[in-house]
Amino acid sequence: MSNWPRRKKRALGWQIFALTVSLCLSGYFAYHTVSGRYGLEVRDKLVLRVSILEFETASLEKIKSRLSKDIALLSPEKPDADLVQEIARDHLGYVHPNERVIQLH
């Protein structure tokens with residue numbers, strides 16, 4: 001009968017040890033679930049980055065469609081006269097012979 005309290009103490013010691021290890025492992029996994037390399041914080045940042053990149057992609061698609069339209073208007077088969085004239089005036093500095101040029105400084 002003298003061994004019985006000793007066994008209870010030993011069993012209680014193992015239970016406390018197992019509980020401590022379980023709590024430590026739970027804390028470790030909980031920390032990495034929230035703040036780890038693949039955690040919830042990183043996921044939130046990635047979701048925000050995806051939304052920003054989707055907005056940027058949409059704006060670039062609009063620019064691309066506008067440029068494609070301008071390229072089609074400048075096709076060598078039949079260029080749009082107004083667009084050619086606009087480019088000649090704005091980018092090349094050409095003017096019509098009957099126009100007057102006024103330079104403001």
Open item on the list: I'd like to check the salt bridge (Lys or Arg N to Asp or Glu O under 4.0 Å) partners of Glu99; sequence neighbours left out, ordered by chain and number.
Closed with: Arg89
TODO: Identify, with sequence neighbours excluded, every residue that meets side chain to side chain contact (heavy atoms under 4.5 Å, CB included) alongside Leu74.
DONE: Leu83, Val84, Ile87
Task: Lys62: side chain to side chain contact (heavy atoms under 4.5 Å, CB included) partners, not counting sequence neighbours - done: none
TODO: Can you tell me which residue pairs pass the salt bridge (charged side-chain N to carboxylate O under 4.0 Å, His left out) test with a partner in residues 46-59, sequence neighbours excluded?
DONE: none
- [ ] Mind checking salt bridge (Lys or Arg N to Asp or Glu O under 4.0 Å) for Arg10 and listing every partner two or more places apart, or none if nothing turns up?
- [x] none
Open item on the list: Quick check for you: to the nearest 0.5 Å, what is the distance between Ser68 atom OG and Glu61 atom CD?
Closed with: 9.5 Å
Task: Listed once per pair and sorted, the ring pair (Phe, Tyr, Trp, His ring centres under 6.0 Å) pairs that draw on residues 62-101, sequence neighbours left out - done: none
TODO: Can you measure from CG (Leu73) to OG (Ser75) and round to the nearest 0.5 angstrom?
DONE: 8.0 Å
Task: Residues that, via side-chain heavy atoms closer than 4.5 angstrom, fall in one hydrophobic cluster with Val42 - done: Leu46
Open item on the list: Strictly by side-chain hydrogen bond (donor to acceptor under 3.5 Å, both in side chains), give each pair with a member in residues 76-86 just once, sequence neighbours left out.
Closed with: none
Task: Transitive ILVMFWY cluster of Leu19, excluding itself - 4.5 Å side-chain cut-off - done: Leu23
TODO: Check side chain to side chain contact (heavy atoms under 4.5 Å, CB included) between Ile16 and all other residues, then give those that pass, not counting sequence neighbours.
DONE: Leu12, Thr20
- [ ] Identify, with sequence neighbours excluded, every residue that meets side chain to side chain contact (heavy atoms under 4.5 Å, CB included) alongside Leu48.
- [x] Ser51, Ile52
TODO: May I have all residue pairs that pass side-chain hydrogen bond (donor to acceptor under 3.5 Å, both in side chains) and include part of residues 32-42, sequence neighbours excluded?
DONE: none
